[in-house]
Each structure stands twice: as C-alpha cells, then as structure tokens.
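Just follow the structure's listing: the first ligand is 1, and inside any ligand the first atom is 1.
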Amino acid sequence: MSRVVVTGRIPEAALESLRTEHEVDDWQGPGSIDREELLRRVAGADAIVSLLTEKIDAELLDAAGPQLRVVANVAVGYDNIDVAACAERGVIATNTPGVLTDATADIALSLILMSTRRLGEGERIIRSGQEWKWGMFFLLGSSLQGKTLGIVGMGGIGRATARRAKAFGMEIVYQSRSEIDPEIAAELGARRVDLDELLSVSDVVSLHCPYGPATHHLIGAEQLEAMKASAHLVNTARGPVVDEAALASALRAGTIAGAGLDVFEHEPQVHPDLLELENVTLVPHLGSATVETRTAMAVLAADNALAVLGGQEPPSPIG
Ligand code: GLV
C-alpha cells in the first residue's frame with residue numbers, strides 16, 4: 001500500500017479508486033492548502049495528485065522524499081509543475097489532456113460571444129437598476145458571421161474552438177508550432193499564419209497555447225497595437241500569456257474593442273484597471289468547470305497515479 005497525497009478537494013469517484021489500493025491523505029479545505037501544511041503532508045508520499053493552484057517545485061519534491069514516484073496534475077496545463085525537477089528526481093509527471101477540451105472550448109466560445117455582443121455590459125445595466133429600453137443603437141456589438149478568428153496554439157482546445165467558431169460562420173487562421181493534420185485543416189478551412197499576420201487579420205484572437213518562458217507576455221502592448229481596433233482578445237489559456245497592464249491600457253485607449261478573460265496574470269487577483277472597464281468580460285477560471293469534466297479530469301489523474309504506483313505506463317504522461 002502506497003501513500004497518496006491529494007492537494008485539494010477532488011470528486012469522490014477519483015478518491016474511491018485511489019482508496020481501493022492505497023492510503024489517501026486528501027486536503028478537505030476549507031480553501032486551498034497552505035504551503036507549510038502541504039510541505040508537511042507530502043513527506044513520505046509515493047504519489048501526489050495535485051491541483052493547479054499548488055506549486056510542485058524542487059522544494060516540495062524534496063520535502064516529499066526520494067520514494068516519490070508520480071505527480072499527477074488534475075489539469076491539462078502544467079506550468080505549476082517543475083517538470084525538469086521531477087525528471088531529475090525520477091518522478092513521473094502527468095496531466096489530463098483531452099477530457100477538458102470541449103468544456104474549455106465552450107468557455108472560449110462563450111467569451112467570444114460575451115465580448116462581441118457586450119453581454120456583460122447588458123447584464124450590469126439591468127442589475128444596477130439603470131433605466132433601459134430597446135433602442136435601434138442600444139449596446140450594438142459585432143457579428144461573428146464572415147469574421148476571422150485567429151487561434152494561437154492549435155492543440156486540441158484550439159481545434160475544438162475553431163470547430164465551434166466555424167459553425168458560427170467564422171473563417172479560421174491559426175498560429176502553432178506545427179502544422180495540423182491536413183484533413184482537419186481542410187475540414188475547418190484553417191490557414192496557418194505567423195503571429196504578426198494573425199494579429200493583423202483577426203477580428204477575434206483566442207489564446208490556446210501552453211504557458212512557459214516562450215509564451216510569457218506573448219501578447220503585450222506591441223501585439224495589441226498590431227490588432228484591429230475592432231478586434232477582441234479572448235484568453236482561456238493561462239493569465240501570464242497576456243501582459244494584463246498593457247491589455248487594460250489598450251482596452252481603455254480603444255486600441256482593441258474588447259476582451260474576454262477566464263485566466264489572470266496574478267490569479268486570483270485581477271488587474272484593478274480591468275475592473276473599471278466595461279469592454280472586458282471577466283470570469284473566474286471556469287474553463288473546465290463542469291461536473292462531468294472535473295470528474296473525468298480527477299479520474300484520469302487518479303488513473304495516472306495508480307498506473308505509476310502499479311509499475312505501469314501512465315495514460316497521459318507529460319512530454
Ligand atoms: C485548467 O486550466 C487546466 O489547465 O486544466
């Protein structure tokens with residue numbers, strides 16, 4: 001029997017499968033686990049099932065000890081994990097690709113619609129008790145039909161977002177490290193371009209790239225300046241891909257028309273200037289937040305941990 005530390009609350013189905021074979025120490029809250037408490041609890045763990053709010057770095061791996069075999073992240077993004085430090089210690093790191101693709105693409109499309117159709121503004125008007133009445137020119141947004149969506153990072157979530165946007169009549173361009181399967185590109189009518197071209201031709205730019213040193217502030221003042229003044233930026237990837245201060249300035253100055261953000265540079269803090277602006281939709285990191293998706297993510301993470309503890313290949317190793 002191995003010792004499995006779970007760094008936060010996860011769906012029962014995943015805990016049950018871990019408990020059938022192992023001793024499970026799961027943090028029950030309230031809130032997220034305090035760093036000191038986590039460092040104490042991981043001591044002697046053979047497996048850590050981690051949430052994206054916890055940093056799994058060299059200090060934590062050393063606090064766990066040399067018996068640690070696997071870190072199973074309950075997220076597709078793994079910028080919270082020092083993968084190199086895991087590899088140095090022979091610890092296998094895993095993530096949860098695939099199972100959250102549709103849920104996250106749904107949120108990207110929701111933000112595209114919320115931003116282009118000014119739904120947040122409309123809601124705020126009603127909730128604030130302001131007088132309003134249907135008007136020919138009241139809260140006009142922009143249509144998606146015939147417009148261009150620029151997808152930055154054409155992995156599974158980027159492709160799923162493109163598929164949805166195509167159903168809304170959008171043309172697709174994308175920037176990605178590699179060309180996608182030609183059949184999928186043909187089905188989506190998607191054209192690969194470089195970032196400069198993507199920024200200049202897109203009516204909506206949606207970010208779906210992983211976060212790391214190569215994508216830190218990928219979208220800053222210069223890139224926002226390169227976008228159309230009528231364009232919208234949507235981020236469901238990771239906050240620090242966007243320079244949030246530069247975005248707030250661009251939104252205020254009308255450099256771009258609007259933005260929809262599910263993730264934040266200093267999460268859970270939101271840049272105070274963004275809170276003052278009407279032309280930005282802000283939602284609290286809900287990309288994968290459905291009962292079905294979170295359950296599937298946790299079960300996949302548990303399967304990853306169980307496989308490694310059982311001497312098997314995990315279903316979704318990182319890298
Ligand atoms: C959520 O943000 C994830 O990376 O799974």
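Within a 6.0 Å sphere centred on CD of Q28, other residues, nucleotides and ligands contribute more than 12 heavy atoms.
For T104, no heavy-atom contact with ligand 1 is shorter than 4.0 Å.
To the nearest 0.5 Å, atom OG1 of residue T255 and atom CE of residue M227 are 10.0 Å apart.
The atoms of ligand 1 that sit less than 4.0 Å from any heavy atom of A75 are 3 (C), 4 (O), 5 (O). If you number the atoms of ligand 1 from 1 as listed, the ones under 4.0 Å from a heavy atom of L52 come out as 1 (C), 2 (O).
Through direct or relayed side-chain contacts under 4.5 Å between Ile, Leu, Val, Met, Phe, Trp and Tyr, V234 connects to I107, L109, L111, I112, L113, L144, L149, I151, M154, F168, M170, I172, Y174, I180, I184, L188, V204, V283, L286.
No side-chain donor-acceptor contact under 3.5 Å links T53 and N80. Using modelled atom types and a 3.5 Å distance limit, the side chains of H217 and Q223 yield no donor-acceptor pair.
Checking only distances, L100 never comes within under 3.5 Å of ligand 1, N or O to N or O. Ligand 1 has no N or O atom lying under 3.5 Å from any N or O atom of M297, backbone or side chain. Checked by distance only, ligand 1 and H285 come closer than 3.5 Å through their nitrogen or oxygen atoms. At least one N or O atom of R238 sits closer than 3.5 Å to an N or O atom of ligand 1.
With S50 as the fixed residue, the side chain to side chain donor-acceptor pair (under 3.5 Å) test singles out one of T7, N73, N95: N73.
Nearest protein neighbour of atom 5 (O) of ligand 1, counting heavy atoms only, is V76 N, 2.8 Å.
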